[in-house]
Structure formats: structure tokens, C-alpha cells
Student: 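I'd like to ask you about the structure that follows.
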There are 2 protein chains.
Amino acid sequence: MTGRTQSRGGRPTMKDVAAHVGTSIKSVSRVLNGEPGVSADTTERILRAMADLGFRRNDLARGLRQSDRTGTVGLVLPQAATRYHDSLVRGLEEVARRHGSLVLTASSGTAAQERETLVSLCSRRVDGLVVVPAGTDHGFLQPEQAAGVPIVFVDRPPHGIDADLVLTDDAGGARRATSHLLEQGHRSIGVIGADAGIHTVAERLRGHREGLTEAGLAQRRNLLRPGCETAAQAAAACLSLFASPDPPTALFTLNNQCTIGAVRALHTLRRARSTALVGFDDFETADLLDPPVTVVAHDVGEIGRRAAALVFGRLEGTITGRSGSHVLPTSLTERGSGGIPPQR
Amino acid sequence: MTGRTQSRGGRPTMKDVAAHVGTSIKSVSRVLNGEPGVSADTTERILRAMADLGFRRNDLARGLRQSDRTGTVGLVLPQAATRYHDSLVRGLEEVARRHGSLVLTASSGTAAQERETLVSLCSRRVDGLVVVPAGTDHGFLQPEQAAGVPIVFVDRPPHGIDADLVLTDDAGGARRATSHLLEQGHRSIGVIGADAGIHTVAERLRGHREGLTEAGLAQRRNLLRPGCETAAQAAAACLSLFASPDPPTALFTLNNQCTIGAVRALHTLRRARSTALVGFDDFETADLLDPPVTVVAHDVGEIGRRAAALVFGRLEGTITGRSGSHVLPTSLTERGSGGIPPQR
DNA sequence: ATGAAAGCGCTAACAA
DNA sequence: TTGTTAGCGCTTTCAT
């Protein structure tokens, strides 16, 4: 007689614990949830049995019964952006932890993978969802929203669903970057960025155009290099810009991968010191490059905290009513590369 | 009459779908799981009802019944290391996706948070677990392991439990880095790293000592700067090394945060071009710094794939028997900073 | 202070 | 082809 009642290979259940102690399953439940009505002696023996058996409550079953909360929030990120989202994860976790919730991060990638991931998380009954959209339609999330799962989109607006939104002032930041370059006297600014179909990219391009217009200039198509998804593609785009008969005297790169690619190309061309550069998004070694890179920075951790605040606000009823958008500001961090004057 | 049977605020269940169609819940289940034995007509109507109602199967309940698999693998990372673990996540996900599993990433931080996170994931019945340990004791995971949850530790060995392990050849890489510097004629190598209590750090220090010993040198205490957890601390440590009466002619930094901090300090001291430097861990802009930074690199994606292979191998019974360790190789990526000769 | 019974949403086993 | 019953591990009544 070992006293072990648990089934083969499986894990001990409350029933096993109860049997082990010789009490009812309800007493075990009471101890587990800190409810009153169990004698000190019984409590003690139950706790001991749980430790001996290596009991761990099955939260799936628990959640099944008290069908309100699972204590988890899902975060879905497109693979591409992972690096940049470190701080976002941290910001979100910081708030979630205070609310006793666990953040489960999963990645999307393609639109299909995103949908699969989101549905999986919903099937696992996360209490809330924070999504950096990868796909183009999110209408399939309507049932969850209707069932009371708060969904917050970050970075770009969703389609097919009306939900809370945390954005960055992409256009404003881009306008600022552009003006900065124009102030140094540049009249020919090359732009390197990802696919213009992406909301952030479109907004940054729009801001850039606004900056040009303000100075009485027009956007020139041959200075535009969209569609760069990797640093390598950005580097190639940069080389092609300078291979043209009328190369730019300055560059504006629309995310940090593009910035890094451009710097790499400029080094190859030995033009790093003579070409002005402003990049959108800060990155860790921006101050160590030669010359140090001026960037449009934004507080990604704050985005995470705001998204979390929205999720838990809705969950706890502090926030009610229609969904809204929150736009967070950017700032220009001048480090040198943006201050280089035009050279012929 | 709207035809809606679902309970207030809750989500539609299979029962609701069945009622809506006027069939039994079992037929709904059959359609959902692609089992045969449902007429085309009924199938059609059930599918329509599911779409109309926005039905989503409750995987918690499903998992409760067929208590074998939940289709999820937990990944727990210490916050500090997030950046470096991008590729790890990707490697793991790549394999998991092929096995139809979703990777849920959560972060640890302190030992207490790590335990909480791990227990939470276990309570949610993940099928397997990949852990980059933060705490010092993992004996509390024994019940899960006994219940058949494969657990793989990455980067450093666990204590209090015997589990599969995927490591990097830290000592070998460090020895190689050290030899490289010695070959340039350096006899005084400053070492900047994180807390020596961390396994990887200890191993890298050991490898460094071996390299020195091989050349007939001894480790000098005053050249050692452990305990640097951030780039800023590493920078300060670097400054202190060069403020000593007998400064080193070369540096060996034990992770990329330390490398970045050291480069920053060397720039401040205008010593970047005259001090040899080899860093452990590669990082994105290493080739863009001045001079380009020589590093000990390793394939982090491969670590993720190996860990995943172990988890699914155990899960599917392809791998059986006692747990084992896997040590992955490193390589020296020479970019310039390591080739600088000693200067007086 | 303690327990028995019902039920959460689903699937497995067995009818019909 | 379809439905009925039982039960996964837990919590929630409601007794005792």
C-alpha cells in the first residue's frame, strides 16, 4: 500500500488528495481557495497531502465551472516585429501582473497564421487580447468581442471590427524628421521603407509629404524606395538611390531595419559622413554608429501599458462605452547624422 | 423571436448550436471534429448555425475530457534576455507549428515570478515546457515531469530536477576568444561580464582561464569586472579598468549588453581603435561599429529547434530513456576589433 | 465543520 | 444517420 490513488501517468486530482486524507473533495476545494469552514487539523493534513502528491489544480476545469475569468491575456505579435516589441511586452506584463494576470505571447506571421493563433487563444479563453495586426481582416473576432473579451489593437487599425486602438503619431514624427532635414538645407531626401500598404508606413509617408509641402516641395517618385522588409533589402535600395544620376543628399528611413540597412550601404559607399540620415524607431546602438544616428523615438513600453490599461479597464468595468483611439507622441532624438548639411 | 438561445453575455456553446439547428449536441460535435456519420444537409445547417452564432469551441472543456493534449507548449524566458531570444522563439515556433502546437511565451524575472509563471502554465496544462532558468531551484516541477510533461532547460542547467538540457559551448567559445586575443600578442585582457553566479558566465570565465593557462598565463583578479547586468554598468566597469595604473590592452566581454557598454566606454575614452575587443554573443549592428566587433557567435535558432525536437520527441515517444544534455558549438566571427595588436 | 449532488462544455462509449 | 448517457476536474448550491 503506497497510499497513491492517482491514476497511471496522470496527475493527482482533488479527488486523489481527498482520498489520501480521507476527507471529501469539497474540503480540499475549500483549503485550496482559502475558504473558511475547515478545521486547522484537516487543513494541515490536506496541505501535506497536496505537497506529497504533487497536486496542481487544473485551471482548465476550474475555468470551466466559474466561467468568468482565466487570468490570462493574449498578446499576438507579427514575427517580423519581435525585436521592437520587447518593451511592449514588458509594459504589458507590468500592468497585467498588477492585475493578477499572466500574459501569453504568441506570434502570427501571415494573415492565416494570425487568425489561427487568435482563434486558438480565444478557444483557450483568454480574458483579453492585445494584437499587433498582421492580417487585413479581423471581423472574425466579433463573436469574442460580443462575448465580452476586450480586444485592443496596437500600431495599426484593424479592419472589419471596431475596437480600442493604441497608435503612434507616425505622421507627426515623420513630418518632424522631414522638417529637420529640410532645415539643414536638404532639398533631395531619399526615403526607404517597408511596404506602403502597411498602415505605419503609409502614415509615415504621409507625414513626410506634409513636411515637404510645408516647405513648398513635392514628393519625387524616384527618391522613394518602398517595399524593403529586411535590412538587406534596404541596403540594396540605398545603393540604387545613389546609383541614380541625381542622388539625394539626405535619407529618411521608415523603421530601424531600414535604418540599419541604409547605414550599412552608406558605409560601403563611404558616404556615411556626408549623407544626412534620420531614422524612424530608435535602436540600441544608434549612438555608437558613425556618425551617431538621429531618430524619431517613441515610448514603446508606454504603448504596452496603455493597451493593458484598456484591457483591464474594460474587464473591470472602469472603462465603458464605445471604443476609442489613443495616439502616443514621438520625439526627435538628435545624435548627429541628421545635422549633416547637403554636400554636392 | 431571434432564434438566439445563448445565455446572456456568454458565448454560444455546442448546445446552443444544436438547439438552433434542432439536432443533438453530438451531431454538432461530429461536424466540429470531422467525424463521419452526419448527413450533408445536417452538416451544412450546423456549419451555418456555428457561423451565425459565432460559435467557438471551448478548448478548456475539450481538453478536460480527452485529457491527453492541449496543443500548447510553454516557453518561459527571463525578462533580461528577451532581445537575444528572438531567434530562439522563432526556432521553437517553427518546429511546434509543424507539430500542430501553439507556443505560449511568458516571462519570468525573479525566481518567485518564474515559479509562479511555470506553475500557471502547468495549471493550464501545457503539453511541454521550455525554460531558460532564472531561479535556482526547479524541484517543484517534478510532479509535472512525473505526469509526463517534457521539460527542456536551455542555456543553463536546472537544480533539483533531472531534465533534458540544451547548452552552448560557453567555455569553448571563451577559450577561443581568449586564444585569439593572445595570438595578437595581448598579455593583459580585461574581462567584463554579468554575475559570476550565472552558469553561462561561470563557464565563459572558466574557458577564458583555460585559454590563459594554455599560454602559460594566470588570471589576474584586477582585470576582472563581473556583476554587470546592464550596458551602463558594463560601461562603468570598462572605465574603471582603464582608470587603473596598469590598464589592459584588450577586452573580452561576456555577453552583448556588456559588449555594447564596453564599446560605448571605449568611444568616450577615444580608445576604440586601439583596444582589442572580442564579445560573446553576436548582435545586429556589430559590423557597423567602429571598429567592427569580433564576436563569439552561436546559432540561437538552432537552440530553439533542438529544444522543440526534444519536447515533441518525448511527447510522441520517439525519444525515451534518461534525459541528456546537448551542447551546441560556437564560432568566432572576426570583424576587426579582435585583431588590434597591443598598444602601449 | 463537512459533505452530496448538480453542472460547467465538451467527447467517448454505447445504443437506437 | 442520429441520440443518450456518463464523466473529465473542478466549483457551487444546498444539506447535514
Side-chain angles (χ1 to χ4, degrees), chain A residues 5-46 49-50 53-71 122-125 143-144 147, chain B residues 5-46 49-50 53-71 122-125 143-144 147:
Chain A
T5 324
Q6 71 186 87
S7 47
R8 316 210 101 283
R11 4 201 358 155
T13 70
M14 283 174 48
K15 203 168 131 190
D16 296 321
V17 174
H20 196 255
V21 175
T23 175
S24 92
I25 182 178
K26 177 66 218 193
S27 293
V28 178
S29 171
R30 276 196 257 260
V31 169
L32 206 55
N33 299 314
E35 288 168 28
V38 185
S39 74
D41 174 59
T42 313
T43 303
E44 153 87 10
R45 281 161 54 226
I46 289 177
M50 295 204 295
L53 261 42
F55 169 81
R56 203 131 299 166
R57 171 170 59 196
N58 186 334
D59 276 352
L60 274 55
R62 175 188 167 87
L64 188 55
R65 187 62 239 245
Q66 40 167 66
S67 58
D68 47 345
R69 298 287 158 80
T70 57
C122 291
S123 292
R124 256 144 222 143
R125 296 298 188 259
E144 332 300 329
Chain B
T5 323
Q6 69 185 89
S7 45
R8 317 209 100 287
R11 359 188 19 144
T13 69
M14 284 175 44
K15 203 166 130 191
D16 297 321
V17 175
H20 195 255
V21 176
T23 177
S24 93
I25 182 178
K26 178 66 215 191
S27 294
V28 178
S29 171
R30 276 195 257 260
V31 169
L32 206 55
N33 298 316
E35 288 170 29
V38 185
S39 72
D41 174 59
T42 314
T43 303
E44 154 86 11
R45 281 162 52 224
I46 288 177
M50 296 203 294
L53 262 43
F55 169 81
R56 203 130 300 166
R57 170 170 60 197
N58 186 334
D59 276 352
L60 275 56
R62 174 188 167 87
L64 188 57
R65 184 63 241 242
Q66 40 167 68
S67 59
D68 46 346
R69 297 286 159 80
T70 57
C122 291
S123 292
R124 253 140 226 148
R125 297 297 188 256
E144 332 300 330

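Letters A, B, ... mirror the listed sequences (proteins, then strands); counts begin at 1.
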Student: Taking atom C1' of dT2(D) as reference, at what distance in whole Å does atom CZ of Arg45(B) sit?
Tutor: 13 Å

Student: So, does Arg62(A) get its side chain near the phosphate of dT11(D), meaning an N or O under 4.0 Å from OP1 or OP2?
Tutor: yes

Student: Is there a side-chain contact between Asn58(B) and the phosphate of dC8(C), meaning an N or O under 4.0 Å from OP1 or OP2?
Tutor: no

Student: Only counting residues at least two apart or in another chain, list the ones meeting side-chain hydrogen bond (donor to acceptor under 3.5 Å, both in side chains) with Thr70(B).
Tutor: Thr72(B), Asp127(B)

Student: Given atom CG of Leu64(A) and atom P of dG7(D), what is their separation to the nearest angstrom?
Tutor: 17 Å

Student: I'd like to check Met50(A) versus Leu32(A) (side-chain heavy atoms, cut-off strictly below 4.5 Å). Are they in contact?
Tutor: yes

Student: Does dG3(D) have its OP1 or OP2 closer than 4.0 Å to a side-chain nitrogen or oxygen of Thr23(B)?
Tutor: yes

Student: How long is the line joining CZ of Arg65(A) and P of dG7(D), in whole Å?
Tutor: 18 Å

Student: Which comes earlier along DNA chain D counting from the 5' end, the contact point of Asn33(A) or that of Ser24(B), where each point is its nearest nucleotide?
Tutor: Ser24(B)

Student: Measure the distance from CG on Leu32(B) to P on dT11(C) and round it to the nearest whole Å.
Tutor: 6 Å

Student: Looking only at side-chain N and O atoms, does Thr42(B) come under 4.0 Å of OP1 or OP2 in dT2(D)?
Tutor: yes

Student: Going by modelled atom types, is there a donor-acceptor pair between the base of dA12(C) and the side chain of Lys26(B) at under 3.5 Å?
Tutor: yes

Student: Whole Å only: how far is the CD1 atom of Ile46(B) from the C1' atom of dT2(D)?
Tutor: 10 Å

Student: Rounded to whole Å, how long is the line connecting atom CZ of Arg124(B) with atom C1' of dC8(D)?
Tutor: 19 Å

Student: Can you list the residues that meet the side-chain contact (heavy atoms from CB on, under 4.5 Å) rule with Arg30(B), with sequence neighbours excluded?
Tutor: Lys26(B), Glu35(B), Val38(B)

Student: Could you tell me the separation between the CG atom of Leu60(B) and the C1' atom of dG9(D), rounded to a whole number of Å?
Tutor: 12 Å

Student: Name the nucleic acid region contacted by Arg30(A), choosing base, sugar-phosphate or nothing; use a 4.0 angstrom heavy-atom cut-off, strictly under.
Tutor: base

Student: When you measure from the side-chain N and O atoms of Ser29(B) to the phosphate of dC10(C), is any distance below 4.0 Å, counting only OP1 and OP2?
Tutor: no

Student: Looking at every strand, decide which applies to Asp59(A) at a 4.0 Å heavy-atom threshold: base, sugar-phosphate, or nothing.
Tutor: nothing

Student: So does Ser39(B) get a side-chain nitrogen or oxygen closer than 4.0 Å to the phosphate oxygens (OP1/OP2) of dT1(D)?
Tutor: no

Student: Decide yes or no for Thr13(A) and Asn58(A): does some side-chain heavy atom of the first lie under 4.5 Å from some side-chain heavy atom of the second?
Tutor: no

Student: Would you kindly give the CD1-to-P distance between Ile25(B) and dT2(D), to the nearest whole Å?
Tutor: 16 Å

Student: Would you say Thr13(A) reaches dG9(D)'s phosphate, i.e. side-chain N/O to OP1/OP2 under 4.0 Å?
Tutor: no

Student: Should Arg56(B) be listed as having a side-chain N or O under 4.0 Å from OP1 or OP2 of dG9(C)?
Tutor: no

Student: Short question: side chain of Arg11(A), backbone of Ala147(B) - any donor-acceptor pair under 3.5 Å?
Tutor: no

